[in-house]
Number of protein chains: 2
Amino acid sequence: MNDFSAAQRSRVTMLDVAEHAKVSKASVSRFIGDDRALLSDAIAQRIEQAIAELGYRPNQMARGLKRGRTRLIGMLVADIRNPYSIAVMHGVETACRQHGYSLVVCNTDRDDEQERQHLALLRSYNIEGLIVNTLGHHRDELHELHREMPLVLVDRKVEHLESDMVGLNNPQAIDMALNHLEERGYCDVLLVTEPLDGTSSRIERVSSFKAQIEQRPALRGTHIETGSELTAQLKSFLDTPGPGPKALFCANGIAALASTHALRELKCNLFDDVGLIALDDLDWYPLVGSGITALAQPTTEMGASAFECLLKRLRGDDGAVRTLDFSAQLIVRGSTRGNLR
Amino acid sequence: MNDFSAAQRSRVTMLDVAEHAKVSKASVSRFIGDDRALLSDAIAQRIEQAIAELGYRPNQMARGLKRGRTRLIGMLVADIRNPYSIAVMHGVETACRQHGYSLVVCNTDRDDEQERQHLALLRSYNIEGLIVNTLGHHRDELHELHREMPLVLVDRKVEHLESDMVGLNNPQAIDMALNHLEERGYCDVLLVTEPLDGTSSRIERVSSFKAQIEQRPALRGTHIETGSELTAQLKSFLDTPGPGPKALFCANGIAALASTHALRELKCNLFDDVGLIALDDLDWYPLVGSGITALAQPTTEMGASAFECLLKRLRGDDGAVRTLDFSAQLIVRGSTRGNLR
DNA sequence: CTGTTAGCGCCTTCAG
DNA sequence: CTGAAGGCGCTAACAG
């Protein structure tokens, strides 16, 4: 087996190609780049053949060094095990590839220090743009980066950072959920969210919820956060007599998972004892009890949009900051059938 | 807003630091690298301060270009939406970061052509090592890459490619599953797998299954693949009288998802009509019916091991090819309670 | 159209 | 211990 610690040096370089084809490096460079129009057919063919024979691959690092274009996009993700993030990332990756970019993903595990490090790291690799799906503390670093490259926020805002962002139209989604619950005869709604923790989308959802509940005399609304107390809190919600049929509204997939767990611990009959509607649409929603009604986010599309925002900026667009709000889609399943006993 | 298409050029470079600290670039370079022992305290401090004042970050691209070390690891994933892959990737990423490496992830969406492109791409970025979790067609490319850098296969082998690999001890896992089913009184086991498609781990699981069924007179075993016929095939399995209580054995999380879907379509009473044990342990397993019994893979650990294999090779280890087989862990839930009606 | 000449930012001999 | 000089692989003016 080879000694990789010293390897690399053997790779075929532009000079090799040039010599093999008996042309100058510049011509090879032109062939590689978009300047092929400036080459005679004869020479182009010689180069093409030399490249094929030698198995030459241009070194992106070197190109990047020279041109300042690495074709690398960075993405900062708070929690790589959150299906929502994965889905968005999938959209981003696909769009990247279609445009000849590659994606470097950094998972912060919700840790601020890791966010710092990753930010520094991405910068050191000369990424051309950054997609951020974390809390975005380290405002200074972020600002500095944003001076050097375009930036787009996904699902969460960062205060005092003027950048494009793509996310869900939260008020609209809340409206859809409450309309649906109301239609199905639920009166007493408990919003379950992950701890707010300064996450803008969570905060928005809670405040929209509160505001809209105010406007709907038929509904009563309360809200809690996931955590070790969740089961007890749900029990108390279910046991306390209310104005009528009860339903949970889970603010994302993680909350839905936790809530369903808790309901099972409470020996609830899913979902005859209590209704449930959840943001995000995970593949197991149909399998639980009578199936969980969902408000699906167009995650792939959102990821693609995030990349396209970046691309526009990279192409020189310096227009006003854009905010893209996507609409959720209601997918009705058994958990909001409404015929509660 | 700035013009990013032209930007970059403004970043502070090693020369800036050198001038600011009134030393030579070489000294700054030594400071950055591990040669700090060769610097006087006085000069080191001047440099340190200059770096801080200017907010200097070494350019990894340039370093990589010169030294052939990019601190970049590539990972090729067949399906980024498969929770197993994500879990492994999370392990890899964490290990990478702990050792100062970064991870470039490429998702092939199970497409051979994309695998090709991504392979070429990763090479062009001078990654130092590669983790492969795809079918690994394009043997030539892979061989060529493997001459240049260490390679480790995850969960699947590639014929004629002598490289380290980490995966599950499949025969052992099958043994655990069958033991458990037998203990619980099931006699008629249907293995549900994704289409084999040349995926070595799937093939291994099926052949282990067949071989071990032979050895167990108390069990009857058959197997099918997921696909549009799945529901019909399950129905036929359930309707055909057999030697005794029936159980499904899903060969991975995807198969478990599909099978559970199908069982619901068939109006099965989960899991009183039929038992179920599944490889992988997804977070929703406890939520379905009486809960799905799982054989969990130590995914994080497997990812970390994959990276450590790479690291050893990078550090010069040229010993024999290693194969790391991890053990699954049985997690018993309601789906194999066994008291079938 | 084609080749020559400088570097991009950094590391690494090789002399002081 | 420190600095000067050359080059990693590639691109971008310049000249022909």
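Each chain gets a letter, A, B and so on, in the order the sequences are listed, and its residues count up from 1. Since the model is a prediction, treat every value here as computed from it, not as a measurement.
Here the nucleotide nearest the side chain of B:A26, chosen from D:dA12, C:dT12, C:dC11, is C:dT12. The side chain of A:K66 lies closest to C:dA6 when the candidates are C:dC10, C:dA6, D:dA4. Side-chain proximity of A:R63 to the nucleotides D:dG3, D:dC10, C:dG3 is greatest for D:dC10.
When the P atom of C:dG16 is taken as reference, atom CG of B:L38 falls 19 Å away, rounded to whole Å. One atom, CG of A:L65, and another, P of C:dC11, lie 12 Å apart when rounded to the nearest Å. Per the geometry, CD1 belonging to A:I43 stands 9 Å off C1' belonging to C:dG3, to the nearest Å. In this structure, B:N59 places its CG atom 15 Å from C1' of C:dG7, rounding to the nearest Å. In this structure, B:M61 atom CE and D:dC10 atom P are separated by 15 Å, rounded to whole Å. The CZ atom of A:R123 sits 15 Å away from the C1' atom of C:dG9 (whole-angstrom rounding). Rounded to whole angstrom, the span from the OH atom of A:Y125 across to the P atom of C:dC10 amounts to 14 Å. The nearest whole Å value for the distance from the NZ atom in B:K25 to the P atom in C:dG7 is 12 Å.
Classification of the B:F307-B:Y101 ring pair by plane angle, with boundaries at 30° and 60°, yields perpendicular.
Separation of the P atoms belonging to D:dC10 and C:dC1 is 25 Å when rounded to the nearest angstrom. Distance check on atom P: C:dT2 versus D:dG9 gives 25 Å, rounded to whole Å.
Among the heavy atoms of the strands lying under 4.0 Å from B:T13 are primed sugar atoms or P, OP1, OP2 only; no base atom is included. Within 4.0 Å (heavy atoms only), B:F31 reaches no atom of the nucleic acid at all. Within the 4.0 angstrom heavy-atom criterion, only backbone atoms of the sugar-phosphate kind lie near A:V23; the bases stay farther away. Within 4.0 Å (heavy atoms only), B:L39 reaches sugar-phosphate atoms of the nucleic acid but no base atom. Here B:S27 lies in heavy-atom contact (under 4.0 Å) with sugar-phosphate atoms only.
A salt bridge does not link A:R156 to A:D197: none of the charged side-chain nitrogens sits closer than 4.0 Å to a carboxylate oxygen.
Residue A:S29 places none of its side-chain N or O atoms closer than 4.0 Å to OP1 or OP2 of D:dA12.
With no hydrogens or angles considered, a side-chain donor-acceptor pair links B:R11 and A:N126 at under 3.5 Å. Side-chain contact check for B:R71 and B:Q60: no donor-acceptor pair (N or O, by modelled atom type) lies under 3.5 Å.
Checked options B:H146, B:M149, B:E148; the residue passing with B:L130 is B:M149 (criterion: side-chain contact (heavy atoms from CB on, under 4.5 Å)).
Below the 3.5 angstrom threshold, one finds a donor paired with an acceptor across the side chain of B:R30 and the base of D:dG3.
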Steps toward side chain to side chain donor-acceptor pair (under 3.5 Å) verdict (A:R97, B:Q114): CA-CA 9 Å; A:R97 185 180 48 243; B:Q114 286 194 29; 3.0 Å; yes
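A residue-by-residue look at B:K22 and A:R57 shows that B:K22 has its nearest nucleotide of DNA chain D further toward the 5' end.
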